[in-house]
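Every chain is numbered from 1, with letters handed out A, B, ... down the list of sequences.
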There are 2 protein chains.
Amino acid sequence: MRSPCPICAALDLVGDKWSLLIVRDMIWLGKTRYNQFTDSPEHIPTNILADRLKRMERFGLIQSKPYQDNPPRHEYHLTDKGLELRPVLIEMIHWANKHIPGTITPPVPID
Amino acid sequence: MRSPCPICAALDLVGDKWSLLIVRDMIWLGKTRYNQFTDSPEHIPTNILADRLKRMERFGLIQSKPYQDNPPRHEYHLTDKGLELRPVLIEMIHWANKHIPGTITPPVPID
DNA sequence: CGGGATCCGTCTTGATACTG
DNA sequence: CAGTATCAAGACGGATCCCG
């Protein structure tokens, strides 16, 4: 779907069902590790999570850093590019809170 | 993916590759008719377009009004709920313009 | 003729079992 | 516990068909 349209371009990177939820978990809940993401109430499948983390790193939205050698483990952090998706999410929250009954702010209460 | 998270809820409605592009075409280019949407440079397949229009109407994002009887034709307009996705798109545009090279504002120049 | 339904091959998803 | 393999189910994309 190449096109110079910024909305398209953005959707090519984060226009799927899961990527923005991972960003949400990182921004609002400070999550950085694999099992923290699988623990979210939406229950992202593990294969999808692994794929999205790779994809988002490839796109420069997150960066993985090792924090342990044996077994090798790493944590995932947002880059500036990823962090700056925050205003997009904020507007989504406003919109949902106004138009979709049953939504709660902040986005992810401990369940 | 039910959960009270507003971001989830929003993504359930417009978290796919095409819905927000249709909204974009409506907001920025004033498009209202079937063939206008298929004419966009991203070339949405007709079956997907028909499906998304139905879906978005079901979700209350758009409303279809007949403008001709024979053959029956109608045009699609954003509801307030749909219109108010504008700030979300605006933030996406800002983000893309800043972080994805090659994107242009306004989003869809006549190609 | 143009909206949009149908068909079909392909790619993606989601659940879950599995491995190191 | 992080990540991969497997596989069924569904979504997508393209072509074509149909109908007013």
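- Scanning atom types as modelled, one donor and one acceptor separated by under 3.5 angstrom connect the side chain of B/T46 and the base of C/dA5.
- When the P atom of D/dC1 is taken as reference, atom CZ of A/F37 falls 16 Å away, rounded to whole Å.
- Atom CD in A/Q68 sits roughly 14 Å away from atom C1' in C/dG20 (whole-Å rounding).
- Between the C1' atom of D/dG3 and the CG atom of A/L49 lies a distance of 9 Å, rounded to the nearest Å.
- A sub-4.0 Å separation between OP1 or OP2 of D/dA11 and a side-chain N or O of B/K17 is absent.
- For the OP1/OP2 pair of D/dA2 and a distance below 4.0 Å, the side-chain nitrogens and oxygens of A/K54 include no atom meeting the criterion.
- The separation between B/R73 atom CZ and C/dC1 atom P is 13 Å, rounded to whole Å.
- Cation-pi geometry between B/R33 and B/Y67 is met: the NZ or CZ atom falls under 6.0 Å from the ring centre, inside 45° of the normal.
- Under 4.0 angstrom from either OP1 or OP2 of D/dC12 there lies no side-chain N or O belonging to B/W18.
- Within 4.0 Å of A/N35, counting heavy atoms only, lie sugar-phosphate atoms of the nucleic acid but no base atom.
- In this model, the phosphate group of C/dG4 is approached by a side-chain N or O of B/Y76 to a distance below 4.0 Å at OP1 or OP2.
- Between the side chains of A/D16 and A/S19, a donor-acceptor pair is found at a separation under 3.5 Å.
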Quick one, A/I7 with B/I93, criterion side chain to side chain contact (heavy atoms under 4.5 Å, CB included). Give me CA distance, side-chain angles, the key distance, then yes/no.
CA-CA 6 Å; A/I7 297 177; B/I93 293 172; 3.7 Å; yes
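- Remark: A/H74 is in phosphate contact with D/dG3, judged by side-chain N or O atoms under 4.0 Å from OP1 or OP2.
- In this structure, A/D39 atom CG and D/dG3 atom C1' are separated by 15 Å, rounded to whole Å.
- One can place CG of A/N70 at 17 Å from P of D/dC1, the figure rounded to the nearest angstrom.
- The base of D/dG3 is not paired with the side chain of A/N47 by any donor and acceptor separated by under 3.5 Å.
- Distance B/D51 CG to D/dC12 P: 7 Å, rounded to the nearest Å.
- Phosphate proximity of C/dT13 to A/R52: present, with a side-chain N or O under 4.0 Å from OP1 or OP2.
- Between A/K65 and A/T32, the side chains place no donor N or O within less than 3.5 Å of an acceptor N or O (distance only, hydrogens not considered).
- Summarising the geometry, the separation between CD1 on A/I48 and P on C/dT16 is reported as 14 Å, rounded to the nearest angstrom.
- In this structure, of D/dA2, D/dG13, C/dG4, it is C/dG4 that holds the atom nearest to the side chain of B/A50.
- Checking B/T79 against B/Q63 by side-chain atom types alone, no donor-acceptor pair falls below 3.5 Å.
- For A/P45, the side-chain atoms get nearest to C/dA15 when compared with the rest of D/dC1, C/dA15, D/dG13.
- Of the candidate nucleotides C/dG14, C/dG4, D/dG20, C/dG4 has the atom nearest to the side chain of B/Y34.
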